[in-house]
Amino acid sequence: MSFILRRFSFYLIAIFIAISFNFLIPRLMPGDPVDALFASAQGRMPLETLQAYKEMLGFVDGPLWVQYLQYIKSIFTWDLGPSIMLFPLPVSELLAVKLPWTLGLAGMSTVICVMIGLVIGTFAAYNRGGFTDRFMPAFWAFLGAMPQPVTALFLFFILALSWKWFPLSYGANPDLDPAFTLEYVGSVIHHAVLPITCMIIGGIGAWIFNMRNAMINVLGEDYITMARAKGLSNRRVMTHYAARNALLPVVTAVSMQIGFVMAGAIFIETVFNYPGVGLLLFKALAARDYPTMQACFLMIVVFVLVFNFIADLLNLWLDPRLRK
Amino acid sequence: MFSNKFFTYLRRFYKGNPAAIIGTFIVVTMLSLSIFAGAIAENDPNKRVARGHQPPSSELLLGSTRSGKDVFSQVLHGGKISLLVAFSAAAITTVIAVAVGISAGYFGGRVDEVLMSLTNIVLVFPQLPLLIIIAAFVGQVGPLVIALIIGLSSWAWGARVIRSQTMAIRNKEFVLAAEVMGESKFRIIFVEILPNLISIVVGGAMGTCIYALMAEAGLEFLGLGDPTIITWGTMLFWAQSNSAFIVGAWWDMVVPGAAIAIFGGGLALLNMSIDQVSNPKLRTGGYIKTWKRMKAETEARRAGA
Amino acid sequence: MRKLGISLAVAAAVSSASVASAAGKHAQGGTLTVPIITQTFIEDFNPYSGAQADMVSGTMFEPLWVINTMKGEIDWRLAESYTYAKDLKSMTIKLKKGLTWSDGQTLDADDLVFSLNLGKEDAKLDATGQWGGKKFASVEKLDALTVKINFTSKDSTIDWHLPRLHVVPEHVFASVEDISTFKNPNPVGSGPITEVKQVRDNQIEICRNPNYYKASEGFPYLDCIKFRQYTDNSQIQAALINDEIDWGSNFISDIDKTYVAASPDTHGYWYPANDLINVYLNTRELPFSDVRFRQAFSMALDREMIVDLAAYGYPTVETQVSGIGEFFKTHFNDEVNSKYAYLAEYNPERAMELLDEAGYKDVDGDGFVENPDGSEINFDIHVVNGWTDWVQTVQMVSEYLAEVGIKANTKTVDWSVYDSALKEGTYQASINWSRTNGEDPIQAYRDYFYTAQQGLSWHTNHGISSERIDAIIDEYSATSDKVRRKEILAELMTFTSENLAFVPLFSNPTWYQYNSTRIAGWPTEDNAFVQPVFYTGGNKLLVFEQLYAK
């Protein structure tokens with residue numbers, strides 16, 4: 001288990017670096033950031049809250065390292081400060097509401113991408129030189145290179161605004177109470193179709209390509225030839241030998257992708273008014289709401305790291321070589 | 001002698017590789033269009049030449065923007081800056097990745113550990129949010145700053161790949177021989193190792209190029225760029241601010257989007273074909289079908305005989 | 001618009017008949033759906049916390065009265081009348097009889113005194129600004145329905161500010177520690193819509209007040225208001241087109257082609273003029289120190305083109321430079337206007353002549369003129385990054401300036417930079433609003449020139465002021481003589497036109513779109529009973545009161 005411990009400590013270091021980044025950035029900016037903050041709050045923050053925010057950021061009396069410790073303490077006690085745009089709502093509450101939506105979006109689209117990529121990639125690998133093999137990766141390369149905001153707007157305009165097949169905004173119908181009822185869940189799915197489709201369009205090209213290449217590499221390995229020589233059926237070779245080994249680099253690739261996917265969500269959430277962290281970050285940006293921006297950033301980093309860690313664990317499970 | 005080898009190499013690269021041909025064609029065409037934008041586009045991209053949101057016509061090949069400026073001219077001139085940013089970012093990234101990757105792979109030991117820790121940390125940071133935060137705090141970022149920020153944050157993956165390749169080559173006989181002969185480390189790296197890494201390095205550079213192009217467009221679309229400079233990204237920004245699709249002026253948004261898509265796609269195709277060259281197993285093309293057919297015939301003959 | 005007549009004793013007007021509108025009663029029922037731009041809704045119904053003030057001001061907490069500038073009259077709400085003392089050093093407000101809060105308790109002078117006094121200790125709760133402005137001296141209760149406010153000096157303009165007061169129930173707020181952060185989750189209000197039905201992230205629904213003081217007249221016609229969350233204008237545009245919301249107050253691109261065309265019978269809009277947008281110039285620095293340069297600046301601009309292209313033609317072009325805009329057109333002084341109107345006309349040749357006369361010549365042949373002392377002219381016009389129609393406007397302004405040889409740049413900046421540059425007077429040129437949509441035009445001039453406002457307001461720091469101007473502005477507030485007031489305004493307008501400390505461009509439109517698929521009773525150009533400003537509690541209330549379900 002030293003592997004796990006090593007990876008875990010690595011991620012811990014990464015989180016600390018992110019926190020330190022958040023700590024340093026306001027101090028590196030020209031001028032007094034807290035004044036800028038106060039200005040952007042247009043004087044709406046009461047003095048006590050301003051004090052509290054300063055404390056949270058670590059702007060207390062004392063040398064830099066004391067300030068740093070103060071900041072670490074506030075992060076770990078989940079005191080992320082007040083949000084400016086929605087004063088006096090604390091940032092932690094705001095994030096708690098938004099996070100599940102982005103996770104859902106990123107998670108679902110990644111899962112679907114992987115599944116489709118796997119199927120098409122395997123198919124392409126197996127039918128070398130066929131239409132799928134020659135056409136698919138190239139086609140999706142172009143479609144995927146179309147900037148996400150443009151595809152999102154295009155789908156929004158045609159499918160949501162003009163044809164009215166899908167809703168214009170929100171994660172679910174605002175007239176429904178959030179509950180685990182069929183109606184509400186159905187509404188959530190209905191509202192998620194377009195955003196997820198956009199994310200898939202943007203990312204699937206890479207998946208198909210990677211899966212195909214991974215498969216091809218694996219198919220050329222000796223153990224495949226051996227399996228065939230043993231007389232195993234094609235299907236068994238494909239699933240038990242080829243796919244399982246091809247999955248290894250795929251899992252690594254997934255973990256790389258997560259960060260990209262969570263970030264890409266920002267454009268899609270903006271267009272569809274989807275209540276996720278990406279949209280929050282964007283609006284906090286426009287409002288110069290530094291506490292919210294920093295918290296969003298930290299949140300995204302933490303989740304990326306968490307997923308990377310999960311990927312590492314999966315790798316461990318799939319690849320016995322690492323278990324030594 | 002050199003030219004012979006070079007052209008033979010090129011010919012091998014392109015023959016039966018439609019992806020490479022198309023990719024190169026696209027990249028070269030768009031590059032030339034941008035470089036010669038001044039000569040090709042007759043209108044000044046910053047001047048108002050028509051009423052707002054005019055559809056494409058014989059005078060305005062790609063229509064006009066909301067403020068009545070020529071979209072065709074803008075997309076050509078804007079390409080200069082967008083492509084410049086993409087290439088600069090790719091250049092910065094490549095230089096850092098090569099430096100870090102080769103050093104880590106070749107020198108090993110402590111150097112490797114330190115560099116790899118650094119690389120892993122940078123690798124794991126989600127780049128777009130990082131870019132957004134930096135851009136937000138800096139205020140408003142022009143294209144050059146964007147190129148710098150992208151360049152400084154995207155080198156990690158390339159470094160890792162280069163490092164593993166370097167480590168693989170490092171123990172090959174010709175390198176060991178050079179060391180024994182007493183060649184300087186510097187020379188070994190540049191003359192023996194680097195040439196063998198060319199395909200990965202180029203592939204990585206292209207990947208970064210695509211990524212930088214899209215990241216720049218993304219940042220400017222969000223309003224973090226300088227809206228008074230014309231690039232493909234700011235064109236998207238203005239199109240969105242003027243609700244291009246909803247008012248029916250689709251060309252305002254589709255043209256810069258398509259420019260990015262086509263150029264990105266072209267680079268991706270080139271990237272794929274380079275992959276195929278370095279790893280012939282990945283090749284694809286009509287000849288595979290022929291091969292399969294021939295193989296089937298042979299087997300049938302064998303079975304029948 | 002008839003002039004607002006303010007006399008010493010304003011008689012009690014009949015309670016609700018001052019708003020001429022669709023006659024007769026309408027059946028009750030129906031829900032109004034309205035967009036709010038925010039990240040998420042929270043359970044906060046306190047008008048003093050500012051978080052969701054637009055949801056509660058006016059419709060949940062009624063004001064004392066509403067000054068309806070469009071019709072030139074006062075609509076009495078909680079108050080029945082007010083009277084200035086003869087010496088103009090105090091004012092007596094009389095509340096209506098029989099007012100109740102939504103929980104049944106009586107609304108009387110105690111609540112009014114309590115609400116007025118909130119601003120005394122805490123500047124954040126000073127909704128009218130009169131404690132901070134050192135106008136109020138004290139507040140006393142005369143009887144159950146009468147309150148007297150004592151001023152620190154003679155003032156006949158206090159009644160303009162009182163509509164901004166949020167009258168809140170003493171029996172709820174008196175026990176609250178910190179009112180500015182109090183969320184007020186179970187609100188008790190005086191307006192037509194007070195009962196919170198549901199609170200979700202993306203929707204809040206508030207319904208009818210069971211103890212509304214106007215219920216006997218059938219008000220309100222509608223049962224509930226649904227507030228829906230959006231994050232920007234393009235989403236609201238899409239929602240309007242698809243009939244998801246009834247009332248929009250935001251910028252919509254190409255509205256005729258997108259919104260109206262989708263359903264010409266039920267989709268409409270009306271953009272009456274709002275405040276004046278000016279380019280403020282720093283007259284303390286070259287090249288702006290010479291008034292002829294400023295005049296040339298103004299004449300170089302084709303305002304019609306700018307309005308058409310940069311702003312879709314929605315704003316109203318300004319054709320005079322007296323400092324106020326279309327909003328106050330009943331106060332226009334034709335004499336002054338016709339004398340200076342030429343300064344607002346597009347006349348690049350005259351502009352170039354003026355530059356030449358004033359000594360701004362192109363010495364080095366680069367196509368741009370230099371200062372008379374030979375130094376280069378190259379200044380920045382500030383605009384906030386992201387305000388795209390203004391950015392486009394400023395870009396066009398620089399293009400026009402370039403055509404007469406003046407080199408100017410569009411400088412998009414962060415809000416904090418923009419804000420402090422305007423307040424400290426460190427800008428070279430900057431585009432901004434003006435205080436030209438209040439209750440009376442004097443507020444505009446006060447905001448432009450009153451020396452005590454320098455550093456506090458955005459519009460006072462261009463470097464032009466004078467003691468005489470300060471004096472007559474003070475005189476205006478201290479007198480109620482209509483003739484004298486008119487003279488003072490004329491002098492102010494002349495001063496403004498002569499000095500051209502800022503260049504007027506156009507009047508901002510009041511963004512107002514309505515959807516009559518489900519709801520009728522909307523104010524329109526033909527039925528102009530109030531300025532349809534959603535963001536002002538009183539106006540919103542007056543509009544809402546007339547709406548009914550079809």
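Side chains included, hydrogens not; waters and symmetry mates left out as well; all remaining heavy atoms used. Labels below follow one simple rule: chain letters A, B, ... track the order of the sequence lines, proteins then strands, and each chain is numbered from 1. It should be emphasised that the depicted structure is a prediction, and the values quoted were computed from it without experimental measurement.
Only the side chain of A:Phe156 comes within contact range of chain C, with at least one heavy atom under 4.5 Å from a heavy atom of that chain. Contacts of A:Leu153 with chain C are absent, with no heavy-atom separation under 4.5 Å from either backbone or side chain.
For A:Thr151, the side chain to side chain contact (heavy atoms under 4.5 Å, CB included) criterion is met by A:Met146, A:Ile201, not counting sequence neighbours. In this structure, the side chain to side chain donor-acceptor pair (under 3.5 Å) partners of C:Tyr418, at least two apart in sequence or on a different chain, are C:Asn432.
Taking 4.5 Å as the heavy-atom cut-off, the residues of residues 240-258 of chain C that approach chain A are C:Ile241, C:Asn242, C:Glu244, ordered by number. For residues 197-208 of chain C, heavy-atom neighbours of chain A at less than 4.5 Å comprise C:Gln198, C:Arg200, C:Asp201, C:Asn202, C:Gln203, sorted by residue number.
Enclosure of atom CZ in C:Phe534 by more than 12 non-hydrogen atoms of other residues, nucleotides or ligands within 6.0 angstrom is indicated.
Under the 4.5 Å side-chain criterion, counting only non-hydrogen atoms from C-beta, A:Thr270 is not in contact with C:Thr231.
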Would A:Tyr170 and C:Gln229 count as a side chain to side chain contact (heavy atoms under 4.5 Å, CB included) here? Give the steps. CA-CA 9 Å; A:Tyr170 306 128; C:Gln229 172 263 345; 3.4 Å; yes
Given the rule in the side chain to side chain contact (heavy atoms under 4.5 Å, CB included) test, do C:Gln39 and A:Thr292 qualify, once you have shown the distances and angles that lead to the verdict? CA-CA 11 Å; C:Gln39 259 303 296; A:Thr292 308; over 6 Å; no
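Among C:Thr40, C:Thr38, C:Asp232, the one residue that satisfies the side chain to side chain contact (heavy atoms under 4.5 Å, CB included) test with A:Lys283 is C:Asp232.
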